[in-house]
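Convention: sequence-line order gives letters A, B, ...; per-chain numbering from 1.
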Number of protein chains: 2
Amino acid sequence: MSSEQIAHNIKLFREQNDWTQKELAEKLAVSRSVIAKWENNSVTPDIEALIKLSKVFGITLDHITGNLSFREDLLKDFKRIYSSKSKSFDEEVVELVEYIMIHPTLKEQIYRLKSLPMKKQLSIHQLLSNMIDQYEQI
Amino acid sequence: MSSEQIAHNIKLFREQNDWTQKELAEKLAVSRSVIAKWENNSVTPDIEALIKLSKVFGITLDHITGNLSFREDLLKDFKRIYSSKSKSFDEEVVELVEYIMIHPTLKEQIYRLKSLPMKKQLSIHQLLSNMIDQYEQI
DNA sequence: TCCTCTTGTTCTGTATATGAACATTTTACT
DNA sequence: AGTAAAATGTTCATATACAGAACAAGAGGA
């Protein structure tokens, strides 16, 4: 069932945004206790609420509901392409591609990155790693 | 409200597929009268039903609910890729996948990035952009 | 007209969401 | 550790909305 997926995702995205249940409830104009129930899957939000959620989180309905048909298609395409080139395929990569696709700014940077000389590319990989180290500690 | 949009779209896509209410009801394993009520907006399907609908119609949840405002820049981006570029979207994605697979360090960083709060993610996208600006000028 | 197919509507039992109040857990600070 | 405040979880009563069955209405064909 997708209700567990929805419950899990609401909590996940709320925490990724550093919001309390109270804050999220205010953004959606619902009671806080409902948020708790959504996250614990004792109740599933109706479609109006889900649309509001997708807007405040800036994601698609398919993402928040875990409706993976789109993702499965993507996976199939990749498998087809990669198997024909006899390369191994990593399902994790699909997650990354999804992330990149919904963040066009990041996508653009990776394209630019690809065009740099290899040494510069590797430097940037390292710098990025350091940056994230710092952000994780804040 | 989006419920009118949903009602309208269910009828629209059903008719585009040349299905009767009865046929659609059978595909979804619900009663036919419920389909009529969905289409006349006297009742709004719950999320489980909407997901089934998106699957039998082969469209996204955002499409069926008319939730197209969640990210207009994403839509714009897709349009740009599809219309004005010589490469197909698939090929572009494959390029990204290949690059990421070849560079496990980068892959790891993007995973870590995904787990950060949204604001930090966006900061890093920007910082990365600035970094690459500098490297391109060297 | 009669029949069939399709769609719309009413009615009823059941299920589920909601908000307020209360309970518990976690966090922050001394 | 001890305490207060914040955050989260749960219970309860009320209200809403759903699914399905039965019935009604309209269109088209023999």
| Think A:Gln21 has a side-chain N or O under 4.0 angstrom from the OP1 or OP2 of D:dG9? |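 For D:dG9, OP1 or OP2 has a side-chain N or O of A:Gln21 closer than 4.0 Å.
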| Under 4.0 Å between a side-chain N or O of A:Trp38 and OP1 or OP2 of C:dA17? |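 So the side chain of A:Trp38 is outside the cut-off, no N or O lying under 4.0 Å from OP1 or OP2 of C:dA17.
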Would you kindly give the [atom1]-to-[atom2] distance between [X] and [N], to the nearest whole Å?
X       : N      : atom1 : atom2 : value
B:Leu53 : D:dC18 : CG    : P     : 13 Å
B:Glu15 : C:dT7  : CD    : C1'   : 11 Å
B:Leu28 : D:dA19 : CG    : C1'   : 13 Å
B:Glu26 : D:dG20 : CD    : C1'   : 15 Å
A:Ile35 : D:dT10 : CD1   : C1'   : 16 Å
A:Glu39 : C:dA17 : CD    : C1'   : 16 Å
A:Glu23 : D:dA6  : CD    : P     : 13 Å
B:Ile6  : D:dA17 : CD1   : C1'   : 14 Å

Using a 4.0 Å heavy-atom cut-off across all strands, classify [X] as base, sugar-phosphate, or nothing.
X       : value
B:Val43 : sugar-phosphate
B:Ser33 : base
B:Trp19 : nothing

Side chain of [X], heavy atoms from C-beta onward: which of [options] has the nearest atom to it?
X       : options                : answer
A:Asn40 : C:dA17, D:dG9, C:dG19  : D:dG9
B:Lys37 : D:dC18, C:dA20, C:dT10 : C:dT10
B:Ser31 : C:dT6, D:dG9, D:dA19   : D:dA19

| field | Comparing B:Arg32 and B:Ser42 on DNA chain D - which has the more 5′ nearest nucleotide | value |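 Result: B:Ser42.
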| message | Any carboxylate oxygen within less than 4.0 angstrom of a Lys/Arg side-chain nitrogen, looking at A:Glu23 and A:Arg14? | response |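 No, A:Glu23 and A:Arg14 are not salt-bridged.
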| query | If you measure from the Lys or Arg side-chain nitrogens to the Asp or Glu carboxylate oxygens, is any gap between B:Glu108 and B:Arg112 under 4.0 Å? | reply |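 Salt bridge absent between B:Glu108 and B:Arg112.
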| said: Between A:Asp46 (side chain only) and B:Asp46 (backbone N and O only), is there a donor and an acceptor less than 3.5 Å apart? | reply: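 Side chain of A:Asp46 to backbone of B:Asp46: no pair is present.
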| For A:Lys114, does the NZ atom have more than 12 heavy-atom neighbours from other residues, nucleotides or ligands under 6.0 Å away? |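 For A:Lys114, atom NZ is crowded (more than 12 foreign heavy atoms under 6.0 Å).
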| field | B:Phe57 and B:Phe13 aromatic ring geometry - parallel, tilted or perpendicular at 30°/60° bounds | value |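 Ring orientation, 0 to 90° scale: tilted.
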| query | Which comes earlier along DNA chain C counting from the 5' end, the contact point of A:Ala29 or that of B:Arg14, where each point is its nearest nucleotide? | reply |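 It is B:Arg14, whose closest nucleotide lies nearer the 5' terminus.
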